[in-house]
Structure formats: structure tokens, C-alpha cells
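This report refers to the structure that appears directly beneath it.
Residue numbering restarts at 1 for every chain, and letters A, B, ... go by the order of the sequence lines. Here the structure is a predicted model, which is why all the values come from computation and not from measurement.
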Amino acid sequence: MRAISSFPDPEQPATGRIPPEVEVGLYRNMLRVRNAEETLAALYREKEMRTPTHFGVGQEGVAVGVCEALLPGDVVYTHHRCHTHYLAKGGSLLGLVAELYGREDGCSRGRGGSVHLTDRSVGLMGSSPILGQGVALAVGSALAFKMDGASTVAVSFFGEGTCDEGVVYESFNYASVNKLPVLLVCENNFYATESPLETRQPSGTRLCDRARAFQISAEKVDGNDVAAVYEAAQRALARIRAGEGPQFLECETYRWLEHVGPMFDHELARTYRTREEVEAWMQRCPVKRAGHRLLARGLATQAGLDEWRREVVDEMTAVVAQAKASPWPDPSTLFENVY
Amino acid sequence: MRAISSFPDPEQPATGRIPPEVEVGLYRNMLRVRNAEETLAALYREKEMRTPTHFGVGQEGVAVGVCEALLPGDVVYTHHRCHTHYLAKGGSLLGLVAELYGREDGCSRGRGGSVHLTDRSVGLMGSSPILGQGVALAVGSALAFKMDGASTVAVSFFGEGTCDEGVVYESFNYASVNKLPVLLVCENNFYATESPLETRQPSGTRLCDRARAFQISAEKVDGNDVAAVYEAAQRALARIRAGEGPQFLECETYRWLEHVGPMFDHELARTYRTREEVEAWMQRCPVKRAGHRLLARGLATQAGLDEWRREVVDEMTAVVAQAKASPWPDPSTLFENVY
Amino acid sequence: MRNIKYSEALSEGLVQAMERDPGIFVTGIAVDYPSGIFGSTTEALRRFGPKRVFDAPAMENALTGIAIGAAAVGKRPVIVHPRNDFMFLAYDMMINLAAKWKYMYGGNAGSVPIVVRAVIGKGWGQGASHSQSLQSTLAHFPGLSVVMPAFPADAKGLTLAALTHGSPVVILEHRSLYDTTGPVPEEAVATPIGKAAVIREGTDITIVATSFMAYEALHAAQALADDGVSAEVVDVRSIRPLDEATILASVRKTGRLIVADTSWELCGFSSEVAALAAEKAFESLKAPVRRIALADCPAPVSHTLEKVFYPGATTIAKAALVMLGRRDSRLGEIDRADHFKGPY
Amino acid sequence: MRNIKYSEALSEGLVQAMERDPGIFVTGIAVDYPSGIFGSTTEALRRFGPKRVFDAPAMENALTGIAIGAAAVGKRPVIVHPRNDFMFLAYDMMINLAAKWKYMYGGNAGSVPIVVRAVIGKGWGQGASHSQSLQSTLAHFPGLSVVMPAFPADAKGLTLAALTHGSPVVILEHRSLYDTTGPVPEEAVATPIGKAAVIREGTDITIVATSFMAYEALHAAQALADDGVSAEVVDVRSIRPLDEATILASVRKTGRLIVADTSWELCGFSSEVAALAAEKAFESLKAPVRRIALADCPAPVSHTLEKVFYPGATTIAKAALVMLGRRDSRLGEIDRADHFKGPY
Ligand SMILES: Cc1ncc(C[n+]2csc(CCOP(=O)(O)OP(=O)(O)O)c2C)c(N)n1
Ligand SMILES: Cc1ncc(C[n+]2csc(CCOP(=O)(O)OP(=O)(O)O)c2C)c(N)n1
Ligand SMILES: [Mg+2]
Ligand SMILES: [Mg+2]
């Protein structure tokens, strides 16, 4: 239960002063992401989607909180656990579902699978499953933006496990020397695959201090509080757009499902974390928490929440049908897009 | 003259309480290293040594200060600028000179050249010219020592430019998580090839803070004061041997000659640093400073210093002759030691 | 001899080697998980404990350097990559350092006999960066040994050989092999590094194959036999050093050569063997050599594309018939259904 | 046509490309030093300033990812490695990401047309990790283009081609070539990627060569001519895509093939071309093919060993005579003295 004992110690909690329409937007967006992930995980068990998949259930607060704070032109890079970011940034739902089914209507035309998502029309540049690549990629796009004098920001989402890879520090240093407009969002969910923090980080580690050692200003936030994430992202983005260079955001959160695949750990008798720990974190569900806040602030009624939920369910049901009806890639197209 | 304005701001200066015989040893060792490097640089101009060579003239204080603090069983890894460490750790002088001349008596039998030195009999494991390799290597040997319950320490010497490489942070992290007995010695000479710090490190950078962000305790020292280096190394080694894990030592110093090759920058009209800056640092010569201290402490007379100097010159003269008389590798041995 | 699984054979080889050499330790992502690299490290952990079998952070580059640094002072580290594709991050350490260590210090710095195990992925949409097969790029460099056991006996035998070898060895293990079974001696019998095996004798044509393709080749040879063709199958086992003698002897006997590899053709192993035959068994060749390799594009995900991307037994058998000038054949679709569903 | 140096030709190609495409920038260690990568980036810096030609820290892995990320949003980055050996640290980005980008996003994420220039070292004891030649390991992977200009016109022409190409290109430049001279058009004439050049016609034997070995091959062909042998020399220029047609046409004409490469043999380019001939020009071959490559060991430092490690014109010419069954010859030692003394 170590991961509980370190329940977020955010440097700045949510102010409670987010505009109503934004607060509602954050909630509805999370609801949609949650529903998509849960539906996909359920369908995944049918073994018709042939692509290793890392579900983000439980981590929606980070993706939605950050993406809602972005401007339309900003670009996002994400890692293997990418559905949340893809949808939060506005990626096509059909593109996601059809990609998992390996169809032509997939966002990568069935060539990439779950870990290679893209929707450039909304600035979701790409997800890539090799740890750390996305950090360098975002820094590179930020370099291009700065060269062009644009105010655009590049964002990289990556896990705390990725902070074990050296490329991350090379990228931090470069972004900092050159004061590049990049937001570095670390989703600290306490595990890399099944490895706990103890085997990977010296005790007493504060990831923010690593960023600061590269002269990057850094903030830690409760990743399961979408409002806190949103506000922290806004602060960071404001500093970036003011020319202060890269900013680092550590978001503590938790994944509910197994590392890769649709099951709960207990279903497979996995032992690297306890059921109690998982359930304690499920109590801290970011979606429920945001819903409670809407009710508390009087921004929605329970009936309203239910109605929104029906909407996302209906949308997803229709999209799944559409995805399954999408054509398979034709073998004759095997050699398209190599060069 | 930027590198002057940042003349060392050591966290702890020398105490002045080093035992006389050690103080004398530090000086004589530096004198020997200096003479070897200067002699080799002079001979190098004859173009008979066919091996790219990075001379360490000006940086002797770091190598000698650290190596004098080691115990015989400790092991050292070094980088491309390695002659100083090789000799300071007790590596065979003939092995070095003959290696540069490409002969069988070379420490690597003429196979490795200036950047691949080894003398395992004294714990000089190896030098390797790919930046950062030596840091991981030292951590690996430290892992082995810890596994065996040995009190042996592994040391890595590397430049500040190497701190741009990610492998360094992977290694820092690993050494720290596992509390490995490794001393990480960064020779900050302000340049990597001809690139100044500004293009490589965010302003305000303190390399010690990078180590500390990985929970490694760190100290910065005036690398041109061999006594300060020696004492800092002793402190760090004591902590390591007490089981406190890796320690980081940043030593500010300066190289007098061009990055690779035997010339002074001004001889080649190189512009990346000014002649004034180089000369200001030459004023801070670590060998002269140590000599002055011996005189001031009454541990030697000027005649004594001159005598020591003659000794190292005589030794070197004899060794050069011996190296040049050493046989060439026989072409029939080309395939020895591949597997 | 009892039959055991490939994963069990790997495990047994590792355990027997660790019993004899206390300097061996095993590390890498997931080696101490209950899943234990498809079961191949589980028994070693149980027997020797977490001091000798332990997890590592994702830091492929430094970890390899750390293994080399441990080997330099007398250890025999085994590092495991759950996907060989991650090993690109360690190429500097493997090629610029491990491969050259012994040579470039003139033998005076000893040797760094690390063992690097890495898994080749295939199928179930593992995609472009989780399904490559890196033997050719590693074997290009003198100083490394690269082996690819296809059968359980060699999984054990090559593990044992690697763990007494005097220089670095890379063992590439194909994901599709862990559950295959075969006869494996209980004793510690090493498979010599640098020796190929003729795993089926024949007279009409030689099929040289690597790793999983050795299964496909056997399957093809079986089908060809029904069709009156006698194919000899050589499981190459070691990519470097390459057993030229065994390959050349077979080619000289049959006069025809197909090479089936798990990777691409260009500058790959299939080209190597074809070149070898053209250089050193030219006079015996009765027909052009034929290379069988991955389609020349990155691995796609959708299974309609995977199906045409990967060559299989049918590809090999048909190539053999063409080479023999056969115009008719009883051969149908002989590829086996792919039932793999993870875990990956 | 005026004669200019290889380094000047690289520079001219770069400058002309940068004039036309404001999205091109150049970075990497030392690109803005006065030495300017043997003068090849100096003029670009003078003309376009430090915003488009700028230094980088030693961080090969991230820098490559950064170039890819810049390319993904429309830039055309050129990165330069002062030694191609350092590029191993970037293999993950180059092979797992750049090479596959266009394909694995189904074309929907556009392309990342980075250009990676890297220098092959040789001689003066540059040693095991500063003198390799990595074309084969990169060309193995679909999605990358790998070119090796040997002559000034192609140094310029392939630079121009790379800088308008729709996907990543690696340009490998041999250290021994920068000071060579040759005719180069003043206009921006691209050398097509994927096209080999017959640089000397002949009828008795085909010599296919890469990079610096094309010089050695020409030199050998000259000497052979004096000895009554007519050798055709093909400068392959592109390793991937490989111009099979030009190579095969030459082999079909002469019936004999020598391949001379700057790297090792095993799974290398020399094997690739030998395999190609054995597969697709088999009926024309009159003799076994012959591969000429580095001695199968890491590069030694001492020049007594370097001398036997590197093959040269003599090696090629002698191989030709042997292949032609010649028992006597007027050929002496034809290798040129190596006057190289750095800077490296
Ligand atoms: C370079 C590299 N090494 C190893 C892996 C295998 N791998 C996939 S996900 C993962 C754990 C990543 O942990 P983290 O970054 O914390 O993300 P999380 O899965 O927790 O969201 C690992 C080790 C990989 N994909 N890439
Ligand atoms: C991986 C790698 N990248 C680039 C180089 C080229 N290189 C050799 S020395 C050097 C500068 C190193 O600077 P620093 O570490 O500060 O050591 P110094 O030369 O100043 O002693 C560089 C970039 C290299 N050897 N290895
Ligand atoms: Mg994690
Ligand atoms: Mg330096």
C-alpha cells in the first residue's frame, strides 16, 4: 500500500474557481474518455482486436486537465498508454476504435495499432511505444515553433518509468538551454509494468527536482483532480507562452487495469500490487470526483450527469458498429507509405 | 573570459592540514604527469605517433588529487582525455608511451592508441573515448563489488560535456537506487571540443544539483588545487566506504592545449576561447601552486623541486627511447584477441 | 530423453550454469516478475534469490555498460530485453565497447563475457517497433557472437555455451518458440557456438534457416517430401561465427539453396548465406539461390497485412518447387493457423 | 565544368538547398566551428547565420528525436555526426521511429524527412570505435535511404536529393574523401537516390564498390588495364534503395563480380551484392563472386596492423587476376601511400 501512503502532496491544490462551462467540459470529456476505454477493454476480451493495448482507465484527469488548457494549434505527443490523450486532445473516436480493430478507418489505417495513434487535424501528432521518444519529439516540435516565432506549444505525456531513460534528460537539458515552448507532463502512476518505484528511484526522489536541476520550473499536482491539473497546466502554459521556456508537471495518478491488456490484476492473480491498493485508488476516481464537484457547485444535477453518460454510451455504441463495418486493409497496399 | 569570471567557487577549500609526505607525493606525482604530457605533446609534433590524442596538461590536479586518495584495490575508468588518470593511478609509463608509438610494449599492445589505455595491475581498468561509457562501466564494477561485499570503490572520470549524454543520468540513478560504491568525478573544464558551456547548459546550471536530484551527495571543488581535490575525494570515499552510496565531485579545471592534438589554440588561430583566458588559467597552474605550497610549508626547497623535476625528465627520456625501440605489432597477429 | 518446453530448456540451462558459476547474475526489465520472461527466469529466481536475479529500470544503454563493467571485474552478467527492439538503445555499448573490448586493449584488459538475451516479437499486431529481428545488424561486427536457438535442446545448449564463452554473446529468442517442445538432455550439454545443425537430411535442395524459420522450413520439407522432393534443412543456430563448412557441405551436396530468415533481405542474413554459396560453392550450384525474408516494409499491424508480410512454410515450399522447375504440385496452402493471442 | 573539392561540393549542395527551402536547418556537434565539418558547413553558416546552422551538445539520441519532432511539423533538419560511430546512440530514433514513421501511422502523420550526415573515419590510428562504416546496419531497415557519395558531383547531387526527399536519408561521408576533387556542375543538379553509376566501362569483370572503395576500384581498374584486363566499375552510391538493375546489367555483361566495401563482410553490403548476383544474374556468372571487405576483426591502431586490416586497390586488382585465372602479371604493389595526418 506504499502508493497510497504517498497520496498526492500537491504543491498547489485546485482553487475551485474554474469557470462553470470549463468545469462541465472537463467532466464531460473525462466521462467520454472513461466510457471509451471501458468499452474497448470489455470488447478487447473478445480477442478480435489484435494489438497490444495499454488502457488508461483511472488516469483520465491528467489527459483531460492538460488538453483542455491547450489552444487548438498546440501539439501533443504521447506514449504507449495513449488513448486518453488522443481522445482528450479531440482525436477521432472512430479513428481510435477502428485502429484497434485493424481497419482502414483506423487513425493509422490499421498499420499502427493501439500504440501508434495520430490525428494531426487536432494536433495529436503521434503516440509511440518506445519509452522517451515522445519527449524528444515534443522538444523538436517546440524547437521548430520557436524558430518560426510561433506561440504554439508542444506537449509530451510520459510515465514516471520513462524518467529512468537517459533520453529524457538530454531532452530536458536541450529544451532548457534553448528555452523551448514545451510542456513536459509526467504521469506518475507508481509502476512501470510491474516494477514499483523502489526498484527504480532512490528513496526520497522528487521528480520535480530532477527537472529543476536542469533549470526547468516544475510543479507537482494531484493527477486525479482534473481541476487541479487544468489550473496547473494553465499556469505552466502561461509561463511557456511568456517565453520562460519548458515547464514540468508531475501528476500523481494510478492505472486501474493491468499494464497491458483489459483485465484487472486480481483477475489474473497478479501480485505486484495489492487489491486494497487498487481499490483505494479507485475510490479516488477522477471522474466521480469531478462529478461530485459539479453537483456541489450546483453546475449539474444527477439526472444531468446520467444524461451525459447516456450520450457518450450512445456515441460509442454507434462508433463501434461503424468500426467493425470498416474495411480491412487490402494486402495489395502492403508497400504503401514506406518512403 | 567567461570561464575566468567563474573561477572556482568551491564548497570547501583545502584545509592546509595534509600530512607532509602526502603533500610531497601529490606534487611529485603531478610533476611526473605534467612532464610526461608535455614531452609527449612535443614529440607528437613529429607525427610519428599515429593516434588522435587528447592531452590533459593543466588538469593534473584532478587526476592526482583523486587517485592519491584511493586504496590500491580501487578501480578507475577514464575517458578520451586519459593520460593523467592513467599515470596518476600508477599506470606504466612505458605502457603509455609505447602505446602512442603503436608498439607491442604499449599498454594495449598498440591496438588501442591514446584513447584505449589499460593497466589492470594498478586498477586502471580502461579508458574509452565514447562519451559516457566510463560512467556506466564504473557503476557496473561498483555493482560487482557490492555483490561481493567488498569495500572496493570504482571511480569514473568524465568531462562536463559528458553530462550532456543521457547515459550519465541512467547511471547516476542506478548507482543511487542501489547505493553502489562509486565515485563520480566530473572534470569541468568549461568546453566540450570547442563548444562553450552556454550552448550546452542552461544558465545557472550547477552540476552538483543534477547529482543531488538523483539523491547523490555532491561537492564542488577547485580542480586546480590538488590538496582540495585530495581532501574532497577523501571525504567522498569515506562516505562511500561507510555504505552511503555514490558520491559526485565536480572539479573545475582547464585544459591548456587544443582539444585533440599537441598545439596551443593560438598556434592554430583558434577562436573559441581567447588567449587571455587560457593564460589566466595557466597562471593558476596546479603544479606551480602545489610547489609554492611545499615551499611555503617548508616541505621542500627550490633546489629540491628542481631535483625532482630532473628525475622525472630523466625517467621520461629513458622511457621514450625504450618505447621507440619496442617492436611493431606483427601483421600475423591481426586476428588475436577478437573473441 | 524427456521432452520439455523451449522456455523450460532456457531455464534449465540458466540454472545449471548458475549452479556452477557463482559470478552469473541475471537482470533486466521483468526478470523477477512472476511471468519471468515466459517462465525462463522463474526457477533461477526461486533457486538463487533476488541477489542474483533482479529487476532493472528501463535504461538499456547504461544497463549494458553496467553489465560490461561488472564483467570487467569478473562477473558474468546476463541481461534480458523483453523485446530486442529496445536493444537499439544499447547498441553503442554492445558494438562500440563490448564487441571490441578484448581486441582494443590488446588482450590486456581481459574480456567482458556478458550474455544478452533478447526476444523477437511476431504477430498479434505487435507492430513496427516490437517485432524486429536484429541478428544481422549485430553479427556484422567482429567480437560479438550471435546465436538463435530454434529448438529446446539448443535453447538450453546455447545458454550453457554462452555462459562459459570468453566474449560477449547475444541470444535472440523468438516469441513464437517459448511454448514449443522437444527432447532436451537433463545434463548440462552445451551446443557449440558456431556450429550449424543439419536437422533434416535431403538431396534435392538445401534450406538454410534461422530461429522460427527452421520450424517453417521443416514443415515445408515435410510437405515437399509428400510431393517427391527431398529437402535438406540446416538450422544455422549461430549467425556469428557462421558455420560455413556445414552450410557449404550441404549446398555442394544438393546444388540448390534457399535461405529463410526472420528479418529483411537487404544486408541481412539471407544475403549472407546466398553470398557464401556464390563465393565458395559456386561450382556446385545448379540454380540461382533464393532468399526468403520479410516483405520489404515495416511490420504492419492489421492481420490482413501481417499475413502477407511474414513468409511461412508455403513460401519456402513454393520457392523450392519453382527452383526445381516443377510445373505442377499437390501442394496446397500449408501454413499453420496462428493461434497466438498474447501475452506478448 | 570546374573542379572542386568534395567538401566544397557538399557545401554547395547544402547552400543551394537552403536557399530554396527555408525549412532546412543544420545542427550537430561542431557544425558552427570554424572547421565546419571539414569546411562543408562553413558557407551555410556564413550565408544563413546561427539561426539555421547551430551547434548541439553531445546527445545523439535526443537530438535525433528532436530533429524528427521538428520534421514532423514541417522542418527539414540536417544533423551531422563527426563520426558515424556515435550514431549508434541514435539507432533507436532512426530505426524504431524515423524509418517507420510514415508507414506505421498509415501515412496520416505525414513524413519526417530528416537528413543525417555522418563521417566514416579511417587511418592514422583512429581505432576501433572511430572508424566504422555503418551503411549495412542502417540499410537493412525499410524506410531509411542510405547513400554514400564517392565523388564531388555526387556529394553535391545526393545532398540536394536528400534535401528534397520525402523520407529520412542517411548520407555517409568518408573522411578520406573531403579533399578529393572532381568536376561538379554549378547548378543544383540532384543525383537520384537509388541510382548507381557505371564510372568506368569494361568487359571482363565488374567491380561494384562503395564510397572510398570506388576510388580504390578505379585505381585497380587502371592498373588492370595496363595488364590487359578490362574492368567495369560500378559506384553504387545508394545502398538503399539499391539499384539492382545497373548492377545486374553489368554482371550480365561481364559475367564476373567483385564487390568492394568499406565495412565488414558478414551480413554486410558486399554480401548483399554477391547474393543479388547469385539470385538474379546466376546464369551469366562465369566464376564465383568475390567479396572484398575489412579484415574480420575490430580496427587496430598501430599502422603495421592498419596496413593489413584495410583492403585497397591491390587487393581488388589481385582478386580480379585470380578470378580471371591469370597466372602471371605485371602488377606490383599499386596501393597509394597514405599521407593522412589529421585533423581527424
Ligand atoms: C525503451 C523501452 N524500454 C522498455 C520498454 C517496455 N515497456 C513498455 S511500457 C513500460 C513501462 C513504462 O512505465 P511508465 O513510463 O511509468 O508508464 P506506464 O506504463 O506506467 O503508464 C516498459 C518498461 C519500452 N516500451 N521501451
Ligand atoms: C558519444 C560521443 N559523442 C561525441 C563524441 C565526440 N567528442 C569527443 S570529446 C568531446 C567533448 C567532450 O567534452 P568533455 O566531456 O567536457 O571532456 P573534455 O574534452 O573537455 O575533457 C566530444 C563531443 C564522442 N567521443 N562520443
Ligand atoms: Mg508508470
Ligand atoms: Mg570539458
Please state whether the side chain, the backbone, both or neither of [X] comes within less than 4.5 Å of a heavy atom of chain D.
X	value
B:L334	both
B:T199	both
B:N337	neither
B:V115	neither

| said: Pair B:T193, D:Y33 - check side-chain contact (heavy atoms from CB on, under 4.5 Å), show working. | reply: CA-CA 10 Å; B:T193 323; D:Y33 293 4; 3.4 Å; yes
| said: What part of D:A30 gets within 4.5 angstrom of chain B, counting heavy atoms only: side chain, backbone, both, or neither? | reply: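 No part of D:A30 comes within 4.5 Å of chain B.
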| Contact origin within D:E60 toward chain B - heavy atom pairs under 4.5 Å |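 Both backbone and side chain.
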| task | Just do the side-chain contact (heavy atoms from CB on, under 4.5 Å) check on D:L89 and B:E165 with the steps written out, would you? | result | CA-CA 10 Å; D:L89 289 160; B:E165 295 278 4; 4.2 Å; yes
Are the side chains of [Y] and [X] in contact, using a 4.5 Å heavy-atom criterion?
X	Y	answer
B:H116	D:S129	yes
B:R50	D:V301	no
B:V338	D:P298	yes
D:P34	B:Y272	no

| said: Give me the atom names and distance for the closest heavy-atom approach of D:T304 to B:P329. | reply: OG1-O, 2.8 Å
| query | What are the two closest heavy atoms between D:G125 and B:P52, and how far apart are they? | reply | O-CD, 3.4 Å
| Interface residue of largest heavy-atom contact number with chain B, from D:D296, D:L305, D:N61, D:I29, under 4.5 Å |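 It is D:L305.
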| field | Value rounded to 0.5 Å, distance of CG in B:L131 from CZ in D:F86 | value | 7.0 Å
| request: Output the option from B:E194, B:R200, B:R109 having the highest count of non-hydrogen pairs under 4.5 Å with chain D. | output: B:E194
| Which residue out of B:A192, B:G106, B:G112, B:G166 racks up the most heavy-atom pairs below 4.5 Å with chain D? |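 Result: the option with the highest number of such pairs is B:G112.
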| task | Give the intermediate values and the outcome of side-chain contact (heavy atoms from CB on, under 4.5 Å) for residues D:W124 and B:K47. | result | CA-CA 10 Å; D:W124 198 255; B:K47 302 205 183 265; 3.9 Å; yes
